[in-house]
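Only a predicted model underlies this, so the values are computations on that prediction, with no experimental measurement involved. Any value given below was found using the heavy atoms of this structure, including those in side chains, with hydrogens, waters and symmetry copies removed.
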Amino acid sequence: MMNQLHVEAEQTADATPEAIWVLVSDATRYPEWGPWSAAGYQRPGETSPRGAGAVQWLRSSRRAYLRYPTSIERILAAEEGRRLAYTVIGGIPVRNYRAEVTLTPVADGTRVRWAATWDATVAGRIVRRGLRKVYPQIVAGLVAAAEKQDPAGLR
């Protein structure tokens, strides 16, 4: 088996898991809080529109190699308010990319963890350089948006 690369970011949000889930489980809302200019669905999931099997696309608002890359992702698991897992199936040069967003209730809010692993190919190493910077920004954007949307969620 090939070596795996890993990137992750974590932050505690002053918001409920439900408030964060609303934002993270709907690709069409990603441009509201993250580094994407457009997003949507290519096909719905097996049992729900945004559940397992759904294919979503996210167009980066950052240019790479003279274009704005669009990541195509398949949802592997969607546990409401708790966990979203997905794999990249196109658009960025990664192999066996699997990511998971985990929401854990804690005393002062919700712990948000976004972690991914993929094969240590040459292209995969280049991608890691960017994701190391982007992942903390993505989590910070998600947390800020959830807190704005749900300021009284915990009080």
Side-chain angles (χ1 to χ4, degrees), residues 1-2 4-61 69-92 94-120 124 127-128 130-155:
M1 196 180 112
M2 196 154 201
Q4 294 268 290
L5 300 171
H6 180 81
V7 164
E8 71 176 81
E10 255 186 88
Q11 203 177 318
T12 298
D14 185 8
T16 61
E18 292 72 24
I20 299 162
W21 183 255
V22 165
L23 296 171
V24 84
S25 65
D26 182 354
T28 64
R29 300 199 61 181
Y30 279 40
E32 291 174 27
W33 54 265
W36 298 283
S37 58
Y41 288 89
Q42 281 186 356
R43 79 172 63 109
E46 283 128 34
T47 55
S48 67
R50 303 193 296 260
V55 174
Q56 63 188 28
W57 58 272
L58 305 167
R59 181 173 303 121
S60 179
S61 54
T70 298
S71 174
I72 316 277
E73 304 168 350
R74 182 183 300 113
I75 304 299
L76 300 171
E79 291 171 44
E80 193 160 344
R82 292 187 43 210
R83 188 174 78 96
L84 183 74
Y86 64 92
T87 181
V88 170
I89 57 172
I92 55 173
V94 286
R95 205 162 59 208
N96 295 320
Y97 185 104
R98 191 196 148 97
E100 199 163 289
V101 186
T102 318
L103 308 178
T104 310
V106 290
D108 50 352
T110 304
R111 192 95 185 120
V112 180
R113 180 173 180 266
W114 202 311
T117 56
W118 64 97
D119 290 356
V127 168
R128 180 174 61 173
L131 290 184
R132 265 192 181 142
K133 286 194 210 78
V134 174
Y135 259 52
Q137 293 166 3
I138 289 172
V139 169
L142 174 59
V143 163
E147 288 177 343
K148 210 178 290 159
Q149 175 180 291
D150 186 32
L154 290 167
R155 300 185 223 345

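Closest of all the heavy-atom pairs between A85 and E100 is CB-OE1, 4.0 Å. What you find for A99 and A116 is that their closest heavy atoms are CB-CB, 3.8 Å. Taking both residues in full, the closest heavy atoms of W33 and L23 are given as NE1-O, 3.4 Å, listed atom of the first, atom of the second, then distance. Heavy-atom minimum distance, D26 versus V22: CB-O, 3.7 Å. A pairwise comparison of heavy atoms in P105 and P17 identifies CG-CG, 4.1 Å as the closest pair. Closest heavy-atom contact between T16 and T110: C-OG1, 3.3 Å.
The structure places CH2 of W57 at 11.5 Å from OG of S71, a figure rounded to the nearest 0.5 Å. Atom CD of Q149 sits about 5.0 Å away from atom CZ of R29, to the nearest 0.5 Å. We find the CZ-CZ distance between R83 and R113 to be 11.5 Å, quoted to the nearest 0.5 Å. Taking CD1 of I20 as the reference point, atom CD of E147 lies at 8.0 Å (rounded to 0.5 Å). For the atom pair T70 OG1 and R59 CZ, the distance stands at 4.5 Å (nearest 0.5 Å).
Listed by chain and residue number, nothing satisfies the salt bridge (Lys or Arg N to Asp or Glu O under 4.0 Å) test with R132 (two or more places apart in sequence, or in another chain).
Between the side chain of T87 and the backbone N or O of Y97 there is at least one donor-acceptor pair closer than 3.5 Å. A donor-acceptor pair is defined here as one N or O able to donate and one able to accept, closer than 3.5 Å; such a pair exists between the side chain of S61 and the backbone of P35.
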Where do Q4 and D119 land on the side-chain contact (heavy atoms from CB on, under 4.5 Å) test, with the steps shown first?
CA-CA 5 Å; Q4 294 268 290; D119 290 356; 2.6 Å; yes
Does the pair W21 and L84 meet the rule for a side-chain contact (heavy atoms from CB on, under 4.5 Å), with working shown?
CA-CA 9 Å; W21 183 255; L84 183 74; 3.9 Å; yes
Check step by step if side-chain contact (heavy atoms from CB on, under 4.5 Å) holds for E10 and V139.
CA-CA 7 Å; E10 255 186 88; V139 169; over 6 Å; no
Show your working on side-chain contact (heavy atoms from CB on, under 4.5 Å) between Q56 and Y41 and close with a plain yes or no.
CA-CA 4 Å; Q56 63 188 28; Y41 288 89; 3.8 Å; yes
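Within a 6.0 Å radius of CZ in R111, more than 12 heavy atoms belonging to other residues, nucleotides or ligands are found. The neighbour count for E80 CD, taken as heavy atoms of other residues, nucleotides or ligands under 6.0 Å away, does not exceed 12.
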Donor-acceptor contacts, no H, no angles, side chain residues 43-51, under 3.5 Å, sequence neighbours left out:
| unit_1 | atom_1 | unit_2 | atom_2 | d |
| --- | --- | --- | --- | --- |
| S48 | OG | G51 | N | 3.2 |
| R50 | NE | S25 | O | 3.2 |

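Between W114 and Y30, the ring-plane angle classifies as perpendicular under the 30° and 60° cut-offs.
L142 places none of its side-chain heavy atoms less than 4.5 Å from the side chain of Q11.
Under 3.5 Å, the side chains of E8 and H6 contain a donor-acceptor pair of N or O atoms.
Remark: of the listed residues N96, L5, V88, L5 is the sole one forming a side-chain contact (heavy atoms from CB on, under 4.5 Å) with W118.
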